[in-house]
Amino acid sequence: MEKDTFTVTAALPYANGPLHLGHIAGVYLPADIFVRFLRMKEHDVAFICGSDEHGAAITLRAKKEGISPQEIVDKYHDIIKNSFHQFHIDFDIFHRTSLPIHHETSADFFKTLEANGSFTKENSEQYYDEEYKQFLADRYITGTCPKCQNDNAYGDQCEKCGSDLSPTELIDPKSTLSGKTPILKATSHWYLPMNDHEEWLREWIQNGILDGEKQHDPKKWRNQVIGQCMSWINGGLKPRAMTRDLDWGVKVPLPDAEGKVLYVWLDAPIGYISATKQWAKDNNLDWKKFWCKKEAGNRKLIHFIGKDNIVFHAIIFPILLKSHGDFILPENVPAYEFLNLEGDKFSTSRNWAVWLHEYLAAYPNKVDELKYVLTSIAPESKDSEFTWKEYQQRINSELADVYGNFVNRTLVLSQKYYQGIVPQPLEFSSVDEDVMATIEKVPAKISALIYAYKIREAQSEMMQLARIGNKYLADQEPWKVIKTDPTRVQTVIYVALQITNMLSAVTMPFLSVKAKELQEMLQVNYTLWPESPLVLEAGHQLGTPKILFEKIEDELVMNEKAKLETTIEQTTKYPKMKDAINFDDFAKLDMRMGKIISAQKVEKADKLLHLIVDTGIDQRTIVSGIAEHFSPEEVIGKTVLVLLNLEPRKIRGVESQGMILMAENEDGKLSFLSAESGFGPGPSVG
RNA sequence: GGCGAGGUAGCUCAGUUGGUUAGAGCGCAGGAUUCAUAACCCUGAGGCCGAGAGUUCAAAUCUCUCUCUCGCUACCA
């Protein structure tokens, strides 16, 4: 039978920050184990990843730090690539989306879809800033509102009268970029009419049937993936714009599209394809073999992702691939839930994280130890949690005590009794035969689990083998029997060595470094997954035993926990000071004390309270986003700081005439501001 | 507010199409042992399976209501 072939991708990390353990546990490590396993099974596999370097978040950050987007992505691409390398997550290629081959590939992809009518093109006349040479998004245009004459209305909405506008309705429009009057120019945006694809998506996701043929087994897809997708589809898919007015990204490859780039979620997954192209080119392969229906046959495309990416990989990208026509669709999209850290979410902004590159710098020799821990707590079916205490416990009581100790005692006994030469077994007792039979079944057990993406359970089967070994030795007591029946010990040590041998082979996908060290100690070299019984022949000379896993001291746990506490203190919890303003700017603000005289929840909105505030000069309506922090009952009667002359704005159909000013601490908790002397409503602030 | 996924032992998690006494590892208690990394091995304690109602001879499992956690989404000037 022909072996299945695979193209495996791991979600492209976004190049505006380093990787933390959550990313590793929930995408890259399981993908790497899966691929190592497939390789040992001699499947033809391409393992593809790269950094995602486009999108608005990177341009905003660049602007804030006063450097170019390229500088940011260069920095993080290097950090990420390095840490993958040191952590032995071995992609065939770790590419990047800012390279020309990616731009070409994405542009070609786009052109094909445009040509075959997969997009709907919305033509319009849009304002264009001649000085900045770009089309202006609605929010980048201000002008006079045709309805209320407010001269500060935005292109999409007048915040004074609350009416929805289009930019062309504005009287005397101005570009917020150059301040000049923009000109109207014909332009288009391209939309993906996702609503046209609901029918086949439903059939494909629920039943695994694509173009009338069985493409995958939906039972192998995770619940949360199918659930999330069906939720989207049943809610009705909507056309989604595939182009943006931005200058950082893949340029829309058509005339009249100046200043437009492809939507980052269009170009990022195509990054898998362009990375494959580059890798194929470097290795004299045909990239189409990995992606195209014709050349790839029934190659399986697998996307390892986090749960926040489900919609893009299981709905949008498949629509694009299918619309293009040449490509295969994913056979599975194993999505992982999130990993938490010491009782709290990983948070980049609060620096609540264990960064992979920092871990590697501090513990360069503890790569497989971390891999083991992360795999045992991988969030396969629900969110899970990393704690340093558990890190220590797993390593000490499982890796060191069970696995390492078993290997050590077996090898030490072999040295002691047989000078490191595998002894000749004599008669097998029924226990021996049971154990031998059990060992032989382990590879098939583990492989079934990995094929089903149950990697955590697969690893625990590996550990189970070491447990069997410890029990076997304890039951047989060779150190006692040697005194009465030395020939029996030959068989016992032989069997124990067979367990160790098998262990060294099945550990490869999970802990490649340690597996090789163990194989070195056994003087064997396994690169293939054991299909038939592995035998360590009698007479084989073993290598020198050494300690495989060192224990983790309490000190490390304390230090790491302390480090988390202190970094969080050192992190600037609060935003930087804003640009200076002059006194006139300040004097424009009309702030007063106001008393909340009534409050109720806005319907169908989680965060909004509809307040009536007595300001001393009037009673006005203010809608405030504080419902998650305060109940209506507890805010009534409070005297608080109010900004009166903020332009009114309609929120959820209610016009809000001002703003309640709140203080927010680093945990996101809110507090009202009041006058210390207990003033009532009315007093002005300044 | 809408939708999705979860809630099982102190901790991390399994529980297939409803079917004996709900499982594993860690942790804890006791015992045994000394080849080995104060390791291993044995025994044990520990669960109203988030709450309530229903269907059934039988529910962790199916249905409904409620509640908590996470995510998507709307809305947070």
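In what follows, every chain begins at residue 1, and chains take the letters A, B, ... in the order their sequences are listed.
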Using heavy atoms to find the nearest nucleotide of RNA chain B for A/Asp308 and A/Ser624 separately, return the residue whose nucleotide is more 5′.
A/Asp308
Can you tell me how far P in B/G15 sits from the matching atom in B/C62, rounded to whole Å?
13 Å
B/C11 - base-pair partner by Watson-Crick or wobble geometry, distances under 3.5 Å:
B/G25
Would you say the side chains of A/Asp485 and A/Thr487 form a donor-acceptor pair under 3.5 Å?
yes
Please tell me if A/Lys219 has a side-chain N or O lying less than 4.0 Å from either OP1 or OP2 of B/U16.
no
Nearest-angstrom distance, C1' atom, B/U34 to B/A39
10 Å
Tell me which nucleotide among B/A39, B/A36, B/C41 gets nearest to the side chain of A/Asn408.
B/A36
Whole angstrom value for the distance that separates C1' of B/A24 from CD1 of A/Ile468:
14 Å
I'd like to know whether the aromatic ring centres of A/Phe346 and A/Phe338 sit less than 6.0 Å apart in this structure.
no
Whether A/Arg467 engages the ring of A/Tyr403 as a cation-pi pair (distance to the six-membered ring centre under 6.0 angstrom, angle to the ring normal within 45°) should be assessed.
no
For A/Leu608, report the nucleic acid contact type (base, sugar-phosphate, nothing); a contact means any heavy atom under 4.0 Å.
sugar-phosphate
Watson-Crick or G-U wobble partner for B/G18, using a 3.5 Å limit on both distances?
none
Could you tell me how far apart A/Arg467 (CZ) and B/C42 (C1') are, to the nearest whole angstrom?
15 Å
When you compare B/G30 with B/G46, how far apart are their C1' atoms, in angstrom units rounded to a whole number?
15 Å
My understanding is that only one of A/Leu644, A/Val642, A/Ile612 makes a side-chain contact (heavy atoms from CB on, under 4.5 Å) with A/Arg620; could you say which?
A/Leu644
To the nearest Å, how far apart are A/Lys471 NZ and B/C35 P?
20 Å
Apply the test side chain to side chain donor-acceptor pair (under 3.5 Å) to residues A/Asn234 and A/Arg202: give CA-CA distance (whole Å), side-chain angles for both, the deciding distance (0.1 Å), then the verdict.
CA-CA 9 Å; A/Asn234 293 336; A/Arg202 200 172 261 139; 2.9 Å; yes
Taking only the C1' atom of each, what is the distance from B/U65 to B/A29 in whole angstrom?
43 Å
Nearest-Å distance once atom P is located in both B/U33 and B/U21:
37 Å
Could you state the atom-to-atom distance from CD of A/Gln392 to P of B/G27 in whole Å?
11 Å
In whole Å, what separates the C1' atom of B/C66 from that of B/C28?
36 Å
Answer yes or no for A/Lys371 and A/Phe510: cation-pi contact, defined as NZ/CZ to six-membered ring centre under 6.0 Å and angle to ring axis within 45°.
no
Base, sugar-phosphate, or nothing: which does A/Leu473 touch, judged by heavy atoms less than 4.0 Å apart?
nothing
Watson-Crick or G-U counterpart of B/U63, or none if no pair lies under 3.5 Å:
B/A53
Quantified in whole Å, what is the P atom distance between nucleotide B/A60 and nucleotide B/G54?
15 Å
Over 60° means perpendicular and under 30° means parallel, so tell me whether A/Trp265 and A/Phe312 are parallel, tilted or perpendicular.
parallel
At under 4.0 Å between heavy atoms, what does A/Asp401 touch on the DNA or RNA strands: base, sugar-phosphate, or nothing?
sugar-phosphate
Hydrogens and angles aside, do A/Tyr417 and A/Gln490 bring a side-chain donor and acceptor to less than 3.5 Å of each other?
no
How far does the C1' atom of B/C3 sit from the matching atom of B/U17, given to the nearest Å?
28 Å
Are A/Leu413 and A/Tyr418 packed together at the side-chain level, in the sense that at least one heavy-atom pair is separated by less than 4.5 angstrom?
no
What is the base-pairing partner of B/C72, counting Watson-Crick and G-U wobble geometry with both distances under 3.5 Å?
B/G2
Specify the separation, in whole Å, of atom NZ of A/Lys389 and atom P of B/C26.
15 Å
Scan A/Ser397 against the nucleic acid and name what it touches under 4.0 Å (heavy atoms): base, sugar-phosphate only, or nothing.
sugar-phosphate
Take atom CG of A/Leu449 and atom C1' of B/U16, then tell me their distance rounded to the nearest Å.
13 Å
May I have the distance from A/Trp479 (atom CH2) to B/A39 (atom P), rounded to whole angstrom?
16 Å
Partner nucleotide, any strand, of B/U37 [Watson-Crick/G-U, under 3.5 Å]
none
Could you identify the nucleotide paired to B/A32, looking across every strand shown and requiring Watson-Crick or G-U wobble geometry with both distances under 3.5 Å?
none
Could you check A/Tyr417 against A/Ile626 and say which one's nearest nucleotide on RNA chain B is further toward the 5' end?
A/Tyr417
Ranking B/G71, B/C26, B/U37 by distance to the side chain of A/Gln393, first place goes to B/C26
Candidate nucleotides B/U37, B/C76, B/A36, ranked by approach to the side chain of A/Val412 - the nearest:
B/A36
Could you give the CG-to-C1' distance, from A/Asp344 to B/U69, as a whole number of Å?
13 Å
Whether each nucleotide of nucleotides 1-14 of chain B has a protein heavy atom under 4.0 Å at its base (B), only at its sugar-phosphate (S) or at neither (-) is summarised, 5' to 3', as B-SSSSSB---SSS
Measure from the side chain of A/Asn470, starting at C-beta and using heavy atoms only, and say which of B/C70, B/U37, B/C41 lies closest.
B/C41
Select one nucleotide: of B/C26, B/U34, B/C76, the one nearest the side-chain heavy atoms of A/Lys607.
B/C76
For A/Asp308, does its backbone N or O pair with a side-chain atom of A/Gln228 as donor and acceptor, under 3.5 Å?
no
When we call it a touch if two heavy atoms are under 4.0 Å apart, what does A/Lys416 touch: a base, just sugar-phosphate, or nothing?
sugar-phosphate
